[in-house]
Amino acid sequence: MSDKRCFLGLATLLTALLPAASRLDVGFYKKTCPSAETIVQQTVAAAFGNNSGVAPAMIRMHFHDCFVRGCDGSVLIDTTASNKAEKDAVPNNPSLRFFNVVDSAKAALEAQCPGVVSCADILAFAARDSVALTGGNSYQVPAGRRDGRVSSGTDNSTRDLPPPFLNATQLADSFAAKNLTVEDMVVLSGAHTLGVSHCSSFAGVGNNLADRLYNFSGSPDGVDPALSEAYAFLLKSICPANSGQFFPNTTAFMDVITPTAFDNRYYVGVANNLGLFKSDAALLTNATMKALVDDFVRSEGRWKAKFARSMVKMGEIQVLTGTQGEIRRNCRIINPLSAATAKHHDEPGSSEFTGVAAT
Ligand code: HEM
Ligand SMILES: *[C@@H]1O[C@H](CO)[C@@H](O)[C@H](O)[C@H]1NC(C)=O
Ligand SMILES: *[C@@H]1O[C@H](CO)[C@@H](O)[C@H](O)[C@H]1NC(C)=O
Ligand SMILES: *[C@@H]1O[C@H](CO)[C@@H](O)[C@H](O)[C@H]1NC(C)=O
Ligand SMILES: *[C@@H]1O[C@H](CO)[C@@H](O)[C@H](O)[C@H]1NC(C)=O
Ligand SMILES: *[C@@H]1O[C@H](CO)[C@@H](O)[C@H](O)[C@H]1NC(C)=O
Ligand SMILES: *[C@@H]1O[C@H](CO)[C@@H](O)[C@H](O)[C@H]1NC(C)=O
Ligand SMILES: *[C@@H]1O[C@H](CO)[C@@H](O)[C@H](O)[C@H]1NC(C)=O
């Protein structure tokens, strides 16, 4: 009897001390804002109907949110006079796009249930909806993320985003730092079945590491030998030498076979030296990664199922829950500390206060 009580006491203590494996819940807004997920879905679907680039944009934005300070909506915050935000750091500007779609969803949600749905959750829902809209599997999104109050484009936090010239080891390390496996990394790289890239990411000017077309180190013609010659020829026509300097906004499709479909052609491309980035081509240089690429070439269904699972896992990185952080009223602006909330923030030992101070 007393043994059992002691065990229960210990279990309670452990529960209080250790962060739970997953502190998010499917259907989190069922009672507080029943139409939350429908509102996001309709907003994303309408924007996607107008411009199909919305889907890759939302999927990448969620990834870039999660890899920097966790999935806390920090990527959505605007730069102010006193703070250069995450979205204006090199890996995000000018490549992240369609922030206005998140704004539309947030405006609709604030009209329906003010102060309830976090910007971080909106992004997680929007990414899921984007996968479904382009032909991927839909999946349930555990929710209850809270929004962070910090976004910095000048500290080192955006260095957690993997640049496109990483090799296999570096890619695995970058994902491992977020507790994601090699398989998660290969599976999630399949998001490059959608969307576009600026020339600078593969024909980089001022970044020789990213230059696969004109000045590849050790290659007589300057072209990365891991890139198909025919594809390199095509890419050179889209991105002339110095294009980064003179045509900074030019982009190329990332999946040259089916650029707007959420299918396994990304892996077919990678296996045939049509991967756009060094990081895409790198998946062939490691036996474990190559075996996964080959498996996804064989079975689109297996990849789609795994993609949904890895997205959920990515969406759980370092989330704020409970009373941590806040529910931002405008996704671009940290909530002002009103008199009421300031009082709460000043409470010694308030988890919200320590959360803010620590990040
Ligand atoms: C494995 C490491 C990864 C690297 C090195 C990488 C790098 C990049 C780069 C450089 C771009 C193009 C940016 C530009 O110049 O316009 C891009 C685009 C994109 N990435 Fe990744 N990425 C990685 C993983 C991921 C993951 C995990 C996801 C999502 C699950 C993702 C989704 C996307 C999408 C959808 C686009 C197209 C965005 C658009 O069209 O707006 N990427 N990625
Ligand atoms: C449709 O997309 C274009 C850009 O492609 C944008 O300028 C316009 O505002 C969008 N319209 C709506 C209704 O979203
Ligand atoms: C950022 O990283 C660089 C190189 O790793 C280091 O020298 C610098 O001190 C870091 N800055 C901050 C604010 O952590
Ligand atoms: C990847 O790059 C790192 C750093 O340059 C290097 O130490 C490592 O050997 C490389 N790994 C592979 C598999 O090329
Ligand atoms: C593939 O990469 C992973 C992660 O870096 C590493 O543990 C593994 O040894 C590599 N496999 C081979 C065959 O190089
Ligand atoms: C990874 O998992 C470890 C052990 O559970 C945890 O301490 C760490 O905070 C996690 N890292 C991230 C980025 O989630
Ligand atoms: C080509 O790359 C080398 C280093 O590998 C660099 O020194 C040189 O400036 C680059 N040339 C151009 C035109 O970018
Ligand atoms: C590239 O796009 C930015 C942002 O829309 C714009 O300000 C700039 O003028 C564009 N540059 C060129 C050369 O078209």
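All ligand and atom numbering here is 1-based and tracks the order in the structure.
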Point to revise | Connected via hydrophobic side-chain network under 4.5 Å: Leu109 and Ile77 | key: no
Need the list: ligand 4 N/O atoms against protein N/O atoms, distance under 3.5 Å, rounded to one decimal.
residue	atom	partner	partner atom	Å
ligand 4	2 (O)	Asn167	ND2	2.2
ligand 4	11 (N)	Asn167	ND2	3.0
ligand 4	11 (N)	Thr169	OG1	3.2
ligand 4	14 (O)	Asn167	ND2	3.3

Point to revise | Protein contact to atom 8 (C) of ligand 1 [nearest heavy atom, distance to 0.1 Å] | key: Phe277 CE1, 3.5 Å
Check your understanding: Could you walk me through whether Leu276 and Leu235 pass the side chain to side chain contact (heavy atoms under 4.5 Å, CB included) check?
Key -> CA-CA 9 Å; Leu276 186 55; Leu235 289 173; 3.6 Å; yes
Review point. Is a donor on one side and an acceptor on the other found under 3.5 Å between the side chain of Glu300 and the backbone of Asn264?
Key: yes
Revision key, fill the gap. Residue, atom and distance of the protein heavy atom nearest atom 3 (C) of ligand 1 read Pro162 CG, 3.9 Å
Check your understanding: Heavy atom under 4.0 Å from ligand 1: found in Ser174's side chain, backbone, both, or neither?
Key -> neither
Practice item. Mark up the atoms of ligand 1 that fall under 4.0 Å of a heavy atom belonging to Pro163, in ascending order. Key: 5 (C)
Point to revise | Neighbour count >12 (heavy atoms, 6.0 Å) for atom CZ, Phe253 | key: no
Practice item. Run the contact test for Phe98 against ligand 1 with a 4.0 Å cut-off on heavy atoms, strictly below, and give the result. Key: no
Review point. Does the salt bridge (charged side-chain N to carboxylate O under 4.0 Å, His left out) test come out yes or no for Arg298 and Asp295, once each step is laid out?
Key: CA-CA 5 Å; Arg298 279 192 300 272; Asp295 188 47; 3.6 Å; yes
Exercise for review: For Ser95, take its heavy atoms, then give the atoms of ligand 1 lying under 4.0 Å from any of them.
Suggested key: 13 (C), 14 (C), 16 (O)
Review point. What is the number of protein N/O/S atoms located under 2.8 Å from atom 21 (Fe) of ligand 1?
Key: 1
Practice item. Output all residues satisfying salt bridge (Lys or Arg N to Asp or Glu O under 4.0 Å) with Arg328, sequence neighbours left out; order by chain, then residue number. Key: none
Review point. Under 3.5 Å, side chain of Lys278 to main-chain N/O of Leu209, donor-acceptor pair present?
Key: yes
Check your understanding: What do you reckon, is CD of Gln170 surrounded by more than 12 foreign heavy atoms closer than 6.0 Å?
Key -> yes
Revision key, fill the gap. Candidates Thr260, Leu188, Val54; heavy atom nearest atom 27 (C) of ligand 1 found on Leu188
Practice item. Among all protein heavy atoms, pick out the one at the shortest distance from atom 35 (C) of ligand 1; state its residue, atom name and that distance to 0.1 Å. Key: Pro56 O, 3.3 Å
**Study point:** For atom 14 (C) of ligand 1, closest protein heavy-atom neighbour
**Key:** His198 N, 3.3 Å
Practice item. Looking only at distances, please establish whether an N/O atom of ligand 1 is found under 3.5 Å from an N/O atom of Val196. Key: yes
Exercise for review: Between Leu171 and ligand 1, find which residue part has any heavy-atom pair under 4.0 Å and reply side chain, backbone, both or neither.
Suggested key: side chain
Exercise for review: Provide the number and element of each atom of ligand 6 under 4.0 Å from a heavy atom of Asn179.
Suggested key: 1 (C), 2 (O), 3 (C), 8 (C), 10 (C), 11 (N), 12 (C), 14 (O)
Check your understanding: Side chain of Ser118, backbone of Arg145: donor and acceptor closer than 3.5 Å?
Key -> yes
Practice item. Report the residue from Phe296, Tyr267, Phe262, Tyr266 that forms a ring-ring contact (aromatic ring centres under 6.0 Å, His included) with Phe307. Key: Phe262
Review point. Can a donor-acceptor pair be found between the side chains of Asp78 and Thr80 at a distance below 3.5 Å?
Key: no
Point to revise | Identified side-chain hydrogen bond (donor to acceptor under 3.5 Å, both in side chains) counterpart of Arg128 within the set His62, Glu37, Gln41, Gln140 | key: Glu37
Point to revise | Under 4.0 Å to a heavy atom of Ala177 - the qualifying atoms of ligand 6, by number | key: 13 (C)
Review point. What about Ser201: any of its N or O atoms under 3.5 Å from an N or O on ligand 1?
Key: yes
Exercise for review: Look at the side chain of Glu326 and the backbone N and O of Arg146, then say whether any donor-acceptor pair between them is shorter than 3.5 Å.
Suggested key: no
Practice item. Report yes if some N/O of Arg97 lies less than 3.5 Å from some N/O of ligand 1; otherwise report no. Key: yes
Check your understanding: Does Gly53 come within less than 4.0 Å of ligand 1, judged by its heavy atoms?
Key -> no
Practice item. With heavy atoms only and a cut-off of under 4.0 Å, state how Ser279 meets ligand 1: side chain, backbone, both or neither. Key: side chain
Exercise for review: Using a strict cut-off of less than 4.0 Å between a Lys/Arg side-chain nitrogen and an Asp/Glu carboxylate oxygen, indicate whether Asp155 and Arg69 qualify as a salt bridge.
Suggested key: yes
Review point. Is it true that Asp294 and Lys290 have a side-chain N and a carboxylate O under 4.0 angstrom from each other?
Key: yes
Point to revise | Cluster link Val68 to Ile317, ILVMFWY, side chain under 4.5 Å | key: yes
Review point. Which pairs, with at least one residue in residues 247-257 and sequence neighbours excluded, count as a side-chain hydrogen bond (donor to acceptor under 3.5 Å, both in side chains)?
Key: Thr193-Asp255, Asp255-Thr258
Exercise for review: Examine the side chains of Ser310 and Asp184 and answer whether a donor and an acceptor come within less than 3.5 Å of each other.
Suggested key: yes
